[in-house]
Amino acid sequence: MKRLLVSAISLTMPTIAAISNPTPAGMNPIDAWEKLAPGVWRTKIGHSEKELSYTSLAARPPRFEALNALPEAPFPFQGEPVSSLQNDGLVLVRIPCEEDESIYGFGLQLDGINKSRRVLDLNVDHWSRGGGRTHAPVPFYISSKGYGVFFNTARFIKVHAQVGNRKDSSNNPAPVDRNPPPQEPAAGPWMAQPPANAIEANLRAQGLEVIVFSGENLQDIVSRYNLFCGGGAMPPLWGLGFWHRVPASFDAAESTKEVEEFAKHDMPLDVLGLEPGWMTRSYPCTFEWQKHRFPDPAGFTQAMLNRGVRLNLWENPYISPDAKIHKALEPLSGSHMVWLGIVPDLVLPEARQILTDQHREDHLAIGVSGYKIDEVDGYDHWLWPEHAVFPSGTSAESMRQTYGLLWQQMLQNDLYRPANTRTWSLVRSSNGAAAGMPFTLYSDSYDHAEYITGLSAASLGGILWTPEVRSAETPAEWLSRLQTVCFSPVAMLNAWASATKPWDFPEVTDQVREVIHLRMRLLPYLYTTFADYNRKGIPPIRAMILEDESMISTIEEKSAELDDVNNPYADGGMLILEQNDQFMFGPSILVAPYYGSHSKKRSVRLPKGDWFDFYTGEFVGNGTTIEVSSPERTPLFVKDGAVIPLLSKAINNTREAKDQTLEVRHYGKAPGSFELYEDDGLTFDHENGAFSLRNLAFEDGKGTETEINKGPRLFGEVANWISMGK
Ligand code: GAL
């Protein structure tokens, strides 16, 4: 028999504290909560100041001006979280949680966003290891009851989410006799894993900081987390164009030819990614140009820039003995090597200085626009062991949790920010408080369904994710993967090994071009979406639960046959019903990509409210589940009243966006508006007020434009107001 454990919960205000647990034996109540901003509280347990915190590595300090402008929200617990410092060096934190709460988050978990009733090892690792280990195991979760909890300490953290029944807990489920005698009535199904009423997190550390967030709804809670972590990253406009990474051995001539091919095929291109072969040595690396392949790096970079194409350089941060900076970095590196390359200790300012000077001179000065920082994840066989030592005294464990973050922070804050130049880059590991990092995560795994889930998962923890395209078995798969990636923070083909090009499956080339062109046309909408991430903390791409809380997952216990070899506990596991194969792209577009066995037909669950087809404006439903079966175009649905600015024409490079006129569409019947954000698209001057805002409003079939803030503009005037409501 199935038992429904969690049902949809509608929430407006956090309402925890229904259960009042006595303080468990040996644990101390945490009552020293310091209010930092409306809806944000912090506590410090043990010697948290001796630990590396994620927020200390954030790209920017907390955005208190934005947080303080938000309404107050109630503290979600009543002195119930408890902690203990145990004899064996473990710190334990126990946060109350009822058994019917749905728990979400913990970073880039690609196997689903609901993390209720799991045990997770939050360690930076390659995704294939699973069990919580992932490229970005952000120790932040949100609950369906309307609060968020952030463990702000860079340690391996093991989380028991509603798993592990304490004997002094006041509301454990009653035990059920698994083998009742025949005369007794059955008492309901026996459960192999009775749910527990807490989240317990343990770590080996001298202490830790815990930050609690509360707000009006789940999106507001995530936004406050992002604002506390410095606000979301703001891309340069070019970062939102199309990216192509060429095969690892390509030289300057081959790369140039590839760019020309894009133009011939009328395919957009803004960023060309060079893979390891651009360096004199790779694995370990030198970060120096390979002159046999690129005899004139400055000339090559400039020629690309002249075509509007930016360069992104692949690197992994392990330094070859042949690198000119090796000698200086040797004493500033850890005890163990990775791929026989030294591992610079980025906590040391001297090490950062050497690296940034070299990167500035050899790359930034000639116009290199960004990096792909690879292999900063990885498990024991790849990276340094936990007993490695680093000259700064930072533990090897904290270094593993933050190495990707440290590279992001160095490149953003020491290299690009002082040059007043924005980058949009890639990285393979990240962690807490990363919202302000202009880096998007990617993986070597390649499951299309997981790649789509990643877009929702990332939105819950202040990270960005690209479901990059590499290859495909069929034209249909090729098209659907390209369609997915066009609705992500980095629309990228990574042909480093496959040597693929967007036009490789001629049967679908027109549709591939159409979706990339659509992304380009949506630039005004997308750029504003990122400005809202930057200024208000709103994730640019969002899990459905942040849009409509009636979409909070339900969990069903699954029954299973007893099998004395394969399933001696007749444990059917849980069936988590969640909608993680569709997501919100910006404030008003719902994207439901085709994928895998759903490559020709799929269902789409529409949130409450009227929804309209993006392409035709036709009404499609309200809180209903619909079927779609036209794989030539990505299913896109728009909210009632949405106003969406597009470029009037498709373009092949973001440079062409300059002064292009706009088509402003209005969907449905409700009046609506869109505050279009623009700045210079390149620098940090927007942080000092150099941006423009124009309000595009639509009422009674008529559009009006009002200037709210005068500043630099990227796009032209509105040429067309179109009413799409039918
Ligand atoms: C992998 C990375 C690939 C590619 C390759 C180059 O680790 O995930 O995208 O860059 O290295 O050697």
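Ligands are counted one by one from 1 in listed order, and the atoms in each one are counted from 1 as well. All heavy atoms count here, side chains included; hydrogens, waters and symmetry mates do not.
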Practice task
Mark yes or no: Arg118 above the aromatic ring of Phe106, with NZ or CZ under 6.0 Å from the six-membered ring centre and no more than 45 degrees from the axis.
Solution key: no

Practice task
Evaluate the side-chain proximity of Arg400 to Glu386: yes if any heavy-atom separation is below 4.5 Å, no if none is.
Solution key: yes

Handout entry: Which residue and heavy atom of the protein sit nearest atom 2 (C) of ligand 1, plus the separation
Key = Asp374 OD2, 3.2 Å

Problem - For atom 9 (O) of ligand 1, the protein heavy atom that lies nearest, with its residue and separation - result: Lys372 NZ, 2.8 Å

Practice task
Please check if the distance between the ring centroids of Trp496 and His244 is under 6.0 Å.
Solution key: no

Completion exercise
One finds that the ligand 1 atoms under 4.0 Å from a non-hydrogen atom of Tyr442 are 8 (O)

Handout entry: Contact check: Trp314 vs ligand 1, nitrogen or oxygen atoms, below 3.5 angstrom
Key = yes

Completion exercise
Closest heavy-atom pair, Trp314 versus Arg245, reported as atoms and distance to 0.1 Å, is N-NH2, 3.8 Å

Practice task
Look at ligand 1 and say whether Arg428 reaches it with a heavy atom at a distance under 4.0 Å.
Solution key: yes

Exercise for the section: State yes or no: are the ring centers of Tyr371 and Trp424 separated by less than 6.0 Å? Expected result: no

Completion exercise
atom 3 (C) of ligand 1 sits nearest the protein heavy atom Trp496 NE1, 3.4 Å

Handout entry: Atoms of ligand 1 close to Glu375 [distance to a heavy atom under 4.0 angstrom, numbered from 1]
Key = 1 (C), 7 (O), 11 (O)

Practice task
Provide the number and element of each atom of ligand 1 under 4.0 Å from a heavy atom of Asn494.
Solution key: 9 (O)

Handout entry: Ring centres under 6.0 angstrom apart (Trp127, His135)
Key = no

Completion exercise
In ligand 1, the atoms that come under 4.0 Å of a heavy atom of Glu275 are 4 (C), 5 (C), 6 (C), 10 (O)

Practice task
Over 60° means perpendicular and under 30° means parallel, so classify the ring planes of Phe287 and Trp407, tilted if in between.
Solution key: perpendicular

Practice task
Flag this pair as yes if the NZ/CZ of Arg542 is under 6.0 angstrom from the six-membered ring centre of Phe583 and inside a 45 degree cone about the axis; otherwise no.
Solution key: no

Exercise for the section: Using the six-membered ring of Tyr141, assess whether NZ or CZ of Lys115 lies under 6.0 Å from its centre and within 45 degrees of the ring axis. Expected result: no

Problem - Top protein contact for atom 12 (O) of ligand 1, by heavy-atom distance - result: Tyr283 OH, 3.1 Å

Fill in the blank from the handout: heavy-atom search around atom 8 (O) of ligand 1 in the protein gives Asp444 OD1, 2.6 Å

Practice task
State if Arg245 counts as touching ligand 1 under the rule of any non-hydrogen atom under 4.0 Å.
Solution key: no

Handout entry: Ala248 near ligand 1 by a heavy-atom separation under 4.0 Å
Key = no

